[in-house]
Structure formats: C-alpha cells, structure tokens
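Beneath this line is the structure, given in structure tokens, with notes to follow.
Just so it is clear, the model here is predicted, and its values are computed rather than measured. For reference, positions follow the sequence shown, starting with 1.
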Amino acid sequence: MADAIIEAVGVEKSYPQSDGTRIQVVGTTNLVIEPGKIITLLGPSGCGKSTLLRMLTGLSQPSAGTLLWHGKPLAGQVPNVAIVFQSFALFPWLTVLENVEAPLEARAVEAVERRKRALRMLDIVGLDGFETAYPKELSGGMKQRVGFARALVVEPEVLFMDEPFSALDVLTAENLRGELLELWLNKKMPTSAIFIVTHNIEEAVMLADRVIVLGRNPARVRCDFNIRLSHPRDRKSSRFLELVDYIYKVMTEPDVEHVLPEAETTAEIIVPPGGIKEAIKKQEAPLRTARYQMLPHARVGGIAGLLELLHDRGGREDLFRLSEELVMDVEDLLPILEACVLLGFAWLKEGDVQITPQGSAFAEADIQQRKILFRQAALNHVTILKQIDSILKRKSDHSIADEFFHDILDEHFAEDEVQRQFETAMNWGRYAEIFDYDRETGRLVQAEPPVPTEPAASEKHDPAPAQKS
C-alpha cells in the first residue's frame, strides 16, 4: 500500500523454551497503519496485543516476516513513533516539565528549543501551571496527561497507546478520551495516525476510525473493518450497539465466523460548540470495560450515608450543590456517587444525582435488610464479587487463596491499582456477607448469607395501630 506509514507483512513472534521448542505468541499477521486514522486493536487479555504493538514500533523484532516503514524495511531505521503507556512511566525525580523534555534531550535538541516545545505541549494538554510539580503531586489523570505531552512533544508520525485509560477511574478515563478526540479532530496533535491497544469494546467503537480484533493462542486477526460514524458518537444508537455486539461476538466466540452488520452510510465529522469533550461529557452512561469494571474506591458507610441524604431530600439533588453543602470536593464525592451508580442505587443525569427505587429501599431498610439488598446489588453488578461467590460455591472446602484474585486483577489493572481494587472488593464482599476474609492465612471463605430480621410478635398479630384517644 503506497500511502501506508507502517506495514506488517507476515510477521510472527515466538519464544524459545528450555526443551528446544518455541511458543508462538503472534501468528502470521498482515497489518497496515495508514495516515489520517485512529486505529484500535482489541483482543482478550494475554492474546498478544502489546507484543504486536512492540513489534510495530520497532521495540521488538519479529521472529518471521517483514516490517516496512514508508515502504522500506524497518530494520536499520529509527521510526518516528512515540508510546503512551498504561502505567504512566514517569521519572519521579523529574518535574512535569523535565519529564516532557526528556525525549527531546535524548534526541540532542538544544535546551531553548526543547523548553519551548515542552511548554507548548503542556499547554495543549491542559497542564499549564504544573510545570514545576513532581509526579507524586499529580492525580492519575494528570499523570497520563504528562504521558500524552511527553509522547507528542517529539511530533511522532504515529502515536501508539497501550491501554492508556485502563488504570484510571471511569470519569477521568472518559474525560481523557474526550480530550484526545478533541485534539485529534481539531488537528492540534502533531501526528498522522493513532494506534490504540485496548480490551474495552465500547472505547474502541467510540474512538476509532478502524477496528482490528485479535484472536488468541496465537494472536491472529479475526476481523478488520472501518467505522463510519460521526463524532460525537451516540453509544445508544442502533448502529453503535450493532458494532459493539459484533465485536463482542467475535471476541467471545473464537470458533465462529461472524458477518459484519450492513455497512453504515458515511457521515461528516461535526464538532459541536464547546468541542467534542463537552459533547461526550453529556452522555449519560459511562463506558464499561469488556470484562472487569474498575471499582470506585468508596466504603459502604459513605454509600449508605449518601443514599440516606438523597432519600431525605426527595430523591434528586444537583451534584455541585450537594458537594458544597457536604463541604466535600467533587473529586472526593464522585467515588461514592460512582459506587451508587454501579450498584444500581442511583443515576447520574445532566449534573444531577437521582436515587433509584433500589436505592430508596436501601435507605429505608434496617441493618440486616441493607446487607441483603447490598448483597443482591453486588452480585448483580460487580464482576469480581460474582466470580468470588461462584468459585467459593464450587470449591469443596468453600475457600480459596486471595492470591488467585490478585493474579486476575493484575491482568486488567496497573500494579498500584491492583491492591486498591482488591481492598474495595474485600470491603464490599465482607459487608454483604458474600465471604469472610482471614488476612493472616490469606484465604477467602464462603459466608452464610444475611437473614432478614423477623418483626416482633406483637407486630405480626396487631392488625392495625392503636388509635389515640
């Protein structure tokens, strides 16, 4: 392909074993990265997505096949690419400005020029004023913005992103997706193409001009198709849902050949007033991951307190007014709100939080009934708690080591997030009496479910309250 920036022709990747055999991680693959497109690479965890990304960037050599950069063999060339990592990968001893300058310094760019370019890029990604801050002073979203600036400051022809939003909370991740699209659509990014590795199906359909789905054992291209939907995309539209459903089927039914639904008509990209970021913020439902959602770090007491407050106020309240009256930063209040939404106890709509019937029932319930309602909500909506409950029921001794779940979480989250996810799951699961947890032995044990409290005998037989004289 004449206008291809990067072209993989029959590339493979395998690793030698001690017995002389080789494990093939990436099977024979043909893939093209063309200019003017956001391309997303999807696939189940451990299928070889990151391995393929490293080969396309030149960080890893294929075991077979050829990689071309503008039609010429990549071997011996230094491709003009940059990578944004999942784990931020910032230098903790450098300031924000120095972190962004680092790749320019490695390329021997003069001090005045690299300072000028770094400052301009920090302004573009919204970090003006944080130049002298250190990574430890920044939130996760701000750290990832530094990663964006550091990657873009070298003006890469292709920007590679490896699960760039998966270590962030739902709202921060959604905000950064919107900002990325806004920079891209308004041509504020000095890059010709973006290649994003993800396992989030809705994220792929929301961002991409083209989607590639990999199979596993070894990795191979299952499908590769263009998405012709205008921005901002409505995740509730029939076409959006058709594409999400199609990708889901391809990923979960590897032995079945699925046909792409009828092609949609091409639509012009229109950026509304306020930009793509503002339009995406107005979407009601947050993007969800294909398998594991990130649990908001909220404790049951905070969830119960917020539901009681909402219930007392008629069930609906403005988010910012609520944060002011509670003397809480919105950032501190949001995890509790997210937990209520995740559990089905509340809705977030147009800046307001509204209690659901399930949330009202929880607010009105006594201690034991709350445990029952929380248990039902958790097992209906929280993937890891459903999985723990299912495994404990099937084990003969109804117990399992916590290390098992640490290993599972490690496949989906950054290292520092794994423990926080585990602690939140333990807090919720123990409150709901899904399991008991012994930290000394490191084992989870199935618990007896909570039993509803019985009304007093007099309450059972008294047909009506006594009338006042």
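Scanning both residues, Ala425 and Leu385, for their nearest heavy atoms gives O-CD2, 3.5 Å.
Counting heavy atoms from C-beta on, the side chains of Leu159 and Phe195 never come closer than 4.5 Å. Within the 4.5 Å cutoff, the side chain of Tyr134 has no heavy atoms near those of the Leu94 side chain. At least one side-chain heavy atom of Val146 sits under 4.5 Å from a side-chain heavy atom of Val100. Residues Ile303 and Phe374 form a side-chain contact, since some pair of their non-hydrogen atoms from C-beta on lies under 4.5 Å apart. Trp347 is not listed as a side-chain neighbour of Val341, based on a closest heavy-atom distance of 4.5 Å or more.
For Arg210 and Asp224, the salt-bridge test passes: some basic side-chain N is under 4.0 Å from an acidic carboxylate O. A salt bridge between Arg145 and Glu179 is present, with a side-chain N of the basic residue lying under 4.0 Å from a carboxylate O of the acidic one. For the pair Arg235 and Glu174, the salt-bridge criterion is met [side-chain N within less than 4.0 Å of a carboxylate O]. Using a cutoff of 4.0 Å between basic side-chain nitrogens and carboxylate oxygens, Glu202 and Arg177 are not scored as salt-bridged. Taking a cutoff of 4.0 Å between a charged side-chain nitrogen and a carboxylate oxygen, Asp234 and Lys236 do not qualify as a salt bridge. Asp366 has no carboxylate O lying under 4.0 Å from a charged side-chain N of Arg370, or vice versa, which leaves the two without a salt bridge.
Remark: the backbone N or O of Gln61 is paired with a side-chain donor or acceptor of Lys13 at under 3.5 angstrom. When atom types are taken as modelled, the side chain of Lys371 and the backbone of Tyr431 share a donor-acceptor pair closer than 3.5 angstrom. For Glu131 (side chain) and Gly129 (main-chain N/O), a donor-acceptor pair under 3.5 Å exists by modelled atom type. Remark: the backbone N or O of Arg299 is not paired with any side-chain donor or acceptor of Asn427 at under 3.5 angstrom. Arg222 places a side-chain N or O within donor-acceptor distance of the main-chain N or O of Val250, the cut-off being under 3.5 Å. Distance alone, capped at 3.5 Å, is enough to place a donor-acceptor pair between the Thr424 side chain and the Arg420 backbone.
Surrounding CZ of Phe91 are at most 12 heavy atoms belonging to other residues, nucleotides or ligands under 6.0 Å away.
Judged by the 6.0 Å distance and 45° axis criteria, Arg233 is not positioned over the aromatic ring of Phe240.
Thr198 and Asn200 form no side-chain donor-acceptor contact under 3.5 Å, judged by distance and modelled atom types alone. With no hydrogens or angles considered, a side-chain donor-acceptor pair links Lys37 and Asn226 at under 3.5 Å. For the residue pair Glu12/Ser63, the side-chain donor-acceptor check at 3.5 Å is not satisfied.
Partners of Arg394 according to the salt bridge (Lys or Arg N to Asp or Glu O under 4.0 Å) rule, which considers only residues two or more places apart in sequence or in another chain, do not exist here. Not a single salt bridge (Lys or Arg N to Asp or Glu O under 4.0 Å) links Arg430 to another residue, sequence neighbours left out.
When each of Leu42, Val197, Ile212, Asp162 is tested with Lys49 by the rule side-chain contact (heavy atoms from CB on, under 4.5 Å), just one qualifies, namely Val197.
Checked against the 6.0 Å centroid criterion, the rings of Tyr437 and Phe422 qualify as a close aromatic pair.
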